[in-house]
K.L.:
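Let me give you the structure first, and then I'll get to my questions.
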Amino acid sequence: MTHAFTPRKKTAQTGKLHTFHGRFSAAGRLASLRGAALLVSVSACLSVLAAFAPPPALAADKPNIIVILADDLGYGDLSCYGAKAVQTPAIDQLAREGVRFTSGYCSASTCTPTRFSLLTGTYAFRQKGTGIAPPNGPAIIKPGVETLPGILKRAGYATAVIGKWHLGLGDPAPDWNGELKPGPLDIGFDHCFLLPTTNDRVPQVFVEGRRVKNLDPADPLWVGDKKPSDDHPTGLTHRDTLKMDWSHGHNQTIHNGISRIGFYTGGMKARFRDEDLADAWVNESNRWIEANKDRPFFLFFASHDIHVPRVAHERFQGKTTLGPRGDCIVQFDWCVGELIKTLDRLKLAEKTLVVLCSDNGPVLDDGYKDDAVTKLGDHQPAGPFRGGKYSVWEGGTRTPFITRWKGRIAPAVSDEIVCTVDFASSFAALAGETPAADGCLDSLNVLGALLGKPGEKGRDHLLQQDNGSGNFGLRVGPWKLVRIERRGKPEARVSATERPLPQAKHTLYNLADDPGETTDLSAAQPEVLRRLTAQLDKLISDGRSRPTP
Ligand code: NG6
Ligand code: CA
């Protein structure tokens, strides 16, 4: 059914968008000249088409959407958010041309739960098994669940995810040498080019569609959590050969001089170099954008920067004083610049909403001795906020967040609260769709705020989770409730100055006066404490926070 999507045409004279609608009218005029019988058959044909296709004029007006998701990038890691030790000119330009949010959040302080909720519109804590996915983890988002790409596909979009997946593949486990199903193609994407988990986890291969790319059947890929043989080299047995030493964990199979989490053998032809990941994402994205430039598209560009192991391409190495962590920020900025250049070259900047955000806050030592701590200087990865990756302090989820749509978004700085969990409902609205009533349980339509429209409100509350321990943050206006259910998270790795967790289960902060969450006001503000605690309990126990339509 080719008319499920309506290709867009731009006339040279007017620059206006036209659709096949015009061609249908021309066909109708021709038919009237040739007689009533033909006209009837053309109109019958048109009504059949109309039954299957979205209204052509609407489809044509739907903007492309590109979500650029950084990995472990903190609020303070970009020059447009105050960084001095690293310059990010491409992202800074995006911010100047769009809305730079000061209260933009991801929904969790680790990767898998944020990605889960970004794609499903449902908080990850509502589904078991949504914590950081292991190398052989099954697909976490099950086919049939309402998803952001699924909604956009219904609206006539081409949909692709390119980059880090980390949401599991297959059921009950990935079949690395066969079909990796279910996967992105079964939950609404029609193209994928992936790093299956995260690059400190095995295996270092690309997945294209449902297969490991360039896999030689004569050299099958084996992935496991036990050493495959006594003489299998690991980060423990061959530590002196490593090009980047590990600090905790990450001492199993070695690939490209770096030991990882998990074991694997085989698939030698399919393996990539860490240094080439960013180029691979950009090349594939540019190719896919160009191939889909004439229809509305949704690209989820899931960068691996600046997650460990931080190994930027040689051309970015040593570009800042921050060591490999800084190199990867510079590399990420380059990726953003390349995508923007492609939009400009294809004259798509005014037809494309670009959103840039991060999957969780920053971390310094996340398992490798890569100088992130020793070369930090006075750089503040989380900006003025407390905590970072793994925590429910602001630094865990308040991250860089920028939207740009040339000609449609007026440049601004916004302090409206927006969150990655809201993409499903908000982009559905943008595409003229509605999420299924029993899906996207926590996704609010904050499209007006995302587009920076004056007077349009973002969220009135914001829930933060970690990797699923039961710790939560709840922000309502300036107030921030922190609930610590479980302790022992490696807070100290986030920054050298991290303070111990409070003793009380619930503590309360006023972010307007105290963005660093230093002073517990629960004794001084018992009523606010009671109100927010009750609100958090209800958000958890209600099972959904998007009002039932
Ligand atoms: C942790 C890893 C950390 C990182 C994280 C996932 C150890 C000790 N730590 O378990 O290095 O891989 O998982 O990061 O192994 S995330 O950004 O993908 O959530
Ligand atoms: Ca991450």
Side-chain angles (χ1 to χ4, degrees), residues 67-75 77 105-119 124-125 129-137 140 163-168 194-204 225 234-236 244-253 258-263 274 277 300-311 324-325 328-329 332 356-370 372-373 381-382 387-392 395-401 420 464-469 471 488-494:
V67 171
I68 302 174
L69 186 70
D71 197 348
D72 298 3
L73 185 75
Y75 189 91
D77 278 328
Y105 291 82
C106 47
S107 53
S109 58
T110 55
C111 162
T112 302
T114 282
R115 284 160 208 259
F116 174 88
S117 65
L118 188 157
L119 291 179
F125 75 84
T130 50
I132 297 169
N136 268 335
I140 293 171
K164 165 169 161 173
W165 182 237
H166 210 187
L167 287 164
L194 309 170
L195 164 69
T197 59
T198 186
N199 204 24
D200 57 344
R201 265 147 241 255
V202 299
Q204 278 54 60
D225 53 11
T234 68
L236 287 170
M244 182 181 273
D245 196 8
W246 51 273
S247 58
H248 52 265
H250 305 88
N251 53 22
Q252 299 176 332
T253 292
I258 300 165
S259 51
R260 325 267 167 165
I261 300 174
F263 298 96
D274 307 71
L277 268 186
F300 178 25
F301 182 90
S303 169
H304 188 263
D305 293 319
I306 58 174
H307 197 284
V308 298
R310 301 176 181 121
V311 188
R325 192 171 182 279
C328 288
I329 298 176
F332 176 63
L356 182 141
C357 48
S358 176
D359 72 336
N360 51 251
V363 58
L364 296 176
D365 178 350
D366 206 17
Y368 293 96
K369 295 182 189 167
D370 63 4
V373 176
K389 184 172 181 177
Y390 310 111
S391 87
V392 295
T397 56
R398 204 193 295 202
T399 47
F401 201 119
T420 51
Q464 301 153 304
Q465 72 160 84
D466 61 5
N467 196 42
S469 71
N471 296 348
K489 283 283 158 195
E491 301 278 332
R493 273 187 242 139
V494 174

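One-based numbering, in listed order, for ligands and for the atoms of each.
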K.L.:
Could you check if a side-chain atom of Ile329 sits within less than 4.5 angstrom of a side-chain atom of Leu73, using non-hydrogen atoms only?
P.N.:
yes
K.L.:
So Pro309 and Asp370, do their side chains get closer than 4.5 Å, heavy atoms only?
P.N.:
no
K.L.:
With heavy-atom distances below 4.0 Å as the criterion, list the atoms of ligand 1 near Asp71.
P.N.:
17 (O)
K.L.:
List every atom of ligand 1 that sits less than 4.0 Å from any heavy atom of Asn360, numbering the atoms from 1 in the order shown and giving each element.
P.N.:
17 (O)
K.L.:
Compute whether any side-chain donor of one residue and acceptor of the other, for Thr399 and Ser358, lie under 3.5 angstrom apart.
P.N.:
no
K.L.:
Tell me which N, O or S atom of Asp359 sits nearest to the Ca ion (ligand 2).
P.N.:
OD2
K.L.:
Check whether the side chains of Thr114 and Asp359 place a donor and an acceptor atom closer than 3.5 Å, and report yes or no.
P.N.:
no
K.L.:
Measuring from atom CD of Gln464 to atom OG of Ser391, what distance do you get when rounded to the nearest 0.5 angstrom?
P.N.:
8.5 Å
K.L.:
Consider every N or O of Asp200 and every N or O of ligand 1, then say whether any pair is closer than 3.5 Å.
P.N.:
yes
K.L.:
If you consider just the N/O/S atoms, which atom of Asp72 is the closest one to the Ca ion (ligand 2)?
P.N.:
OD1
K.L.:
Are any non-hydrogen side-chain atoms of Gln204 and Ile258 less than 4.5 angstrom apart?
P.N.:
no
K.L.:
Counting only nitrogen or oxygen atoms and a 3.5 angstrom limit, does His166 reach ligand 1?
P.N.:
yes
K.L.:
With a cutoff of 4.0 Å, is Cys111 in contact with ligand 1, counting heavy atoms of the residue only?
P.N.:
yes
K.L.:
Look at the N, O or S atoms of Thr110, main chain and side chain alike, and state whether any lies under 3.0 Å from the Ca ion (ligand 2).
P.N.:
no
K.L.:
For Ile132, counting its heavy atoms only, list the atoms of ligand 1 lying under 4.0 Å from any of them.
P.N.:
5 (C), 6 (C), 13 (O), 19 (O)
K.L.:
Distance under 4.0 Å to a non-hydrogen atom of Thr110: what atoms of ligand 1 satisfy this?
P.N.:
19 (O)
K.L.:
Counting from 1, what ligand 1 atoms have a heavy atom of His248 closer than 4.0 Å?
P.N.:
8 (C)
K.L.:
When you measure from atom 2 (C) of ligand 1 to each heavy atom in Arg260, Arg201, His304, which option holds the nearest one?
P.N.:
Arg201
K.L.:
Check each atom of ligand 1 against the heavy atoms of Asp366 and keep those under 4.0 Å away; list them by number with element.
P.N.:
3 (C), 4 (C), 11 (O)
K.L.:
Which atoms of ligand 1 sit under 4.0 Å from any heavy atom of Ile261?
P.N.:
15 (O)
K.L.:
Salt bridge or not between Arg325 and Asp77? Use side-chain N to carboxylate O under 4.0 Å.
P.N.:
yes
K.L.:
Does at least one non-hydrogen atom of Tyr390 fall below 4.0 angstrom from an atom of ligand 1?
P.N.:
yes
K.L.:
Identify, by atom number and element, the atoms of ligand 1 in contact range of His250, meaning under 4.0 Å from any of its heavy atoms.
P.N.:
7 (C), 9 (N), 11 (O), 15 (O)
K.L.:
Write the atom name of the N, O or S atom in Asp71 that is nearest the Ca ion (ligand 2).
P.N.:
OD1
K.L.:
Answer yes or no: is there a side-chain heavy-atom contact under 4.5 Å between His304 and Leu195?
P.N.:
yes
K.L.:
Verify the distance criterion only: is there a donor paired with an acceptor across the side chains of Asn199 and Asp274 at less than 3.5 Å?
P.N.:
yes
K.L.:
Kindly write out the residues that satisfy ring pair (Phe, Tyr, Trp, His ring centres under 6.0 Å) with Phe332, not counting sequence neighbours, or none if the list is empty.
P.N.:
none
K.L.:
Just to be sure I read this right, does ligand 1 sit under 4.0 Å from the backbone of Asp72, its side chain, both, or neither, counting only heavy atoms?
P.N.:
side chain
